[in-house]
Amino acid sequence: MALFKLENVEDLYEIGEVLGSGHFGQVREVRERATGTLWAGKFLKLRKNASSRLGIERKSVEKEVEILQTLQHGNIMAIRDVFESRAEVVLIVELIRGGELFDFVAEKENLTEREAIEFLEQILHGVQYMHSKRIAHFDLKPENIMLSEKAVPHPNIKVIDFGLAHHFEQGEEYKSISGTPQYIAPEVINYEPLSEATDMWSIGVITYILLSGMSPFQGDTDGETLKNIVDMTYEFDDYHFKQTSDMAKDFIQKLLRKEQNERMTADECLLHPWIKPLTRKQAATRNRSSINMKNFKRFNAKRKWKMSYNMVSACNRFCRLQLLCKPSIKVDEELRQCESDQEDTETKPETLLRRRLSSSS
Ligand code: ATP
C-alpha cells in the first residue's frame, strides 16, 4: 500500500479558489506556505467502506498517483505531493492556468489546419511518451486537454486526469468499461481487451470534432452513440467538412478503425504527412484548409452547457438531500461533495460508462 503524507495539507498549503470538479471531488488552487508557489490540489473523497458507493476507492487513487509519478513530460500534468486524511486524499499537482484547449480554440475567429496541428502534435507527443512507458490514458477527451498558459504565442498542451489510466504489465490482458460515450472505442463497449490503441481511437474522435465541430458517432441518446460506435457509423459529410483537407480526413480514417492493430500508433501519427508534411504542396494544403469555426463554436457551447447542467443538477440533488438530513452542513462542504452524489444517483446503463465504478480486470 502506497504511503501518502499524513500531515494536514492545510498546514503546508493555503487552500484557494475552486478550479474545477470531477466525479470524486474538487480541484482547487493552493499556495505553498513556505515558498508562496501556486499549485493545484485535487481533493478526492475516499470511499468509507467496501459497501459504500460514495467516494473513490483508495487503491484507485494509488493507481492514479503511481502512474502520474511515472510520467515526467512537458505535455503531461506533473504531480508534486500526496496527502491523506481519514476521509480524503489530496494530490498536489502542477497548476494549469490556460483552461481547456477547446475553449481557447472556440474564442478564435479562425484557425488553419496547421495551427490546429500545433496542438495535436503536442497531444501526440504526450501520448507517445506515456505509451512508450506502456501507460494508456483511457479517458482522452476535450475536458482533459488543457493549456498551461493561454496568453503566450505558442500555448503548451497538458494532458490531465489519469483516473482511468492503466500501466500494462508484460503480457497482461486488461478490460474496462469506463470512459465517456462519445470518445470510447468499440473494444471498450464490447468489453474486449484494451491497449494503447484505445487512446488512438479517442484522438481520432477529438481530431474529427476539432476540424468540423461535429462529433462522429453522436446519437440522440448515449445508447444510440454506443451503437453508432460499434457499427462504425460515421462519415465526412460535405457540408461540415468542406474546408477540410483530404490529408486530415486520411489521418482520422487511419485512427477510426475497428481493429486496434490497424490504427496508427502515436509514433506513426507523428510521421503522417498531415502532421509532418514531406512536400511543399502538403505543407501548403495545411495552411489553406481551416477548421469549421462556426460549427466548432456551436459544438463547444453545447458541450459547456451540458457540463454545467450536469454539475448544477447534481449539486441540487445533493443540497436537497443534505437539507433533509443535516440542515446545519456548511455550504463549502456541500460543494466539495456534490460530484460524489452525482456518481451515486445515475443508474442508467449508458451512464455507467461515465463512471469509475465500472468493472475492469
Ligand atoms: P473526472 O470525474 O472528470 O474524471 P476528476 O475527479 O478525475 O474528473 P480532473 O478531471 O482531474 O478530476 O479535474 C477536474 C477539473 O479540474 C478539470 O476538468 C479541470 O477543469 C480542473 N483541473 C484539473 N487539474 C487541474 C490543474 N492541474 N490545474 C488547473 N485546473 C485543473
Side-chain angles (χ1 to χ4, degrees), residues 13 15-32 37-47 54-58 60-65 67-69 71 73-82 88-104 126 137-150 155-166 176 178-184 202 206 300 303-304 306-308 310-311 314-315 335-346 351-358 360:
Y13 294 86
I15 314 297
E17 59 165 326
V18 176
L19 301 169
S21 337
H23 281 95
F24 301 111
Q26 285 187 333
V27 177
R28 288 171 170 255
E29 187 175 286
V30 298
R31 181 187 295 275
E32 193 174 0
T37 312
L38 292 175
W39 302 89
K42 184 166 171 174
F43 293 78
L44 296 167
K45 290 262 163 236
L46 286 175
R47 194 173 292 182
L54 288 173
I56 185 168
E57 270 185 77
R58 194 185 187 280
S60 306
V61 185
E62 281 178 29
K63 187 174 174 183
E64 180 172 352
V65 167
I67 285 175
L68 280 171
Q69 285 171 340
L71 299 173
H73 187 274
N75 296 121
I76 295 175
M77 181 189 75
I79 187 162
R80 172 180 169 85
D81 231 335
V82 190
E88 197 171 60
V89 172
V90 185
L91 276 53
I92 303 293
V93 295
E94 169 184 15
L95 176 63
I96 302 171
R97 303 164 197 258
E100 292 173 17
L101 168 68
F102 269 33
D103 292 340
F104 176 78
H137 187 281
F138 291 143
D139 201 17
L140 290 174
K141 58 180 177 182
E143 292 80 344
N144 291 336
I145 299 172
M146 298 187 71
L147 299 173
S148 41
E149 299 284 346
K150 59 178 177 181
N156 190 33
I157 290 279
K158 295 278 177 185
V159 177
I160 67 159
D161 192 2
F162 284 73
L164 295 183
H166 184 73
S176 170
S178 37
T180 307
Q182 277 185 75
Y183 305 96
I184 52 174
S202 308
I206 293 167
N300 203 49
R303 180 180 75 91
K304 299 306 276 187
K306 266 194 215 153
M307 279 165 66
S308 45
N310 287 343
M311 190 65 197
C315 285
L335 286 172
R336 274 214 205 173
Q337 290 182 24
C338 63
E339 277 286 86
S340 316
D341 174 61
Q342 175 188 17
E343 240 268 325
D344 227 32
T345 51
E346 291 185 354
T351 59
L352 284 175
L353 282 156
R354 274 191 238 118
R355 303 164 62 173
R356 300 268 170 83
L357 298 175
S358 40
S360 58

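Computation of the quantities below employed the complete heavy-atom set of this structure, encompassing side-chain atoms and omitting hydrogens, waters and symmetry-equivalent molecules. As the structure lists them, so they are numbered: ligands from 1, and atoms in each ligand from 1.
- Shown in contact with Asn144 at under 4.0 Å from a heavy atom are these atoms of ligand 1, numbered in order with element: 10 (O).
- Atoms of ligand 1 lying under 4.0 Å from any heavy atom of Met77, numbered from 1 in the order shown and given with element: 27 (N).
- Not one N or O of Asp139 is nearer than 3.5 Å to an N or O of ligand 1, by distance alone.
- The residue from Val27, Val93, Leu91 that puts a heavy atom closest to atom 16 (O) of ligand 1 is Val27.
- Checked for salt-bridge contact, Asp161 and Lys141 miss the test: no charged N lies under 4.0 Å from a carboxylate O.
- Between His23 and ligand 1, at least one N/O pair is under 3.5 Å apart.
- The shortest side-chain heavy-atom distance between Glu143 and Thr180 does not fall under the 4.5 Å cut-off.
- Taken to the nearest 0.5 Å, the CG atom of Leu91 stands 4.0 Å off from the CD1 atom of Ile79.
- Of all atoms in ligand 1, numbered sequentially from 1 with element shown, those under 4.0 Å from a heavy atom of Ala40 are 26 (C), 27 (N), 28 (N).
- Within the 3.5 Å criterion, the main-chain N or O of Val89 finds no donor-acceptor partner in the side chain of Lys45.
- At least one N or O atom of Lys42 sits closer than 3.5 Å to an N or O atom of ligand 1.
- Ring pair His166/Phe138 is parallel by interplanar angle, where below 30° counts as parallel and above 60° as perpendicular.
- Between the side chain of Arg97 and the backbone N or O of Glu149, no donor-acceptor pair lies under 3.5 Å.
- Considering backbone and side-chain atoms alike, Glu64 places every N or O at 3.5 Å or more from each N or O of ligand 1.
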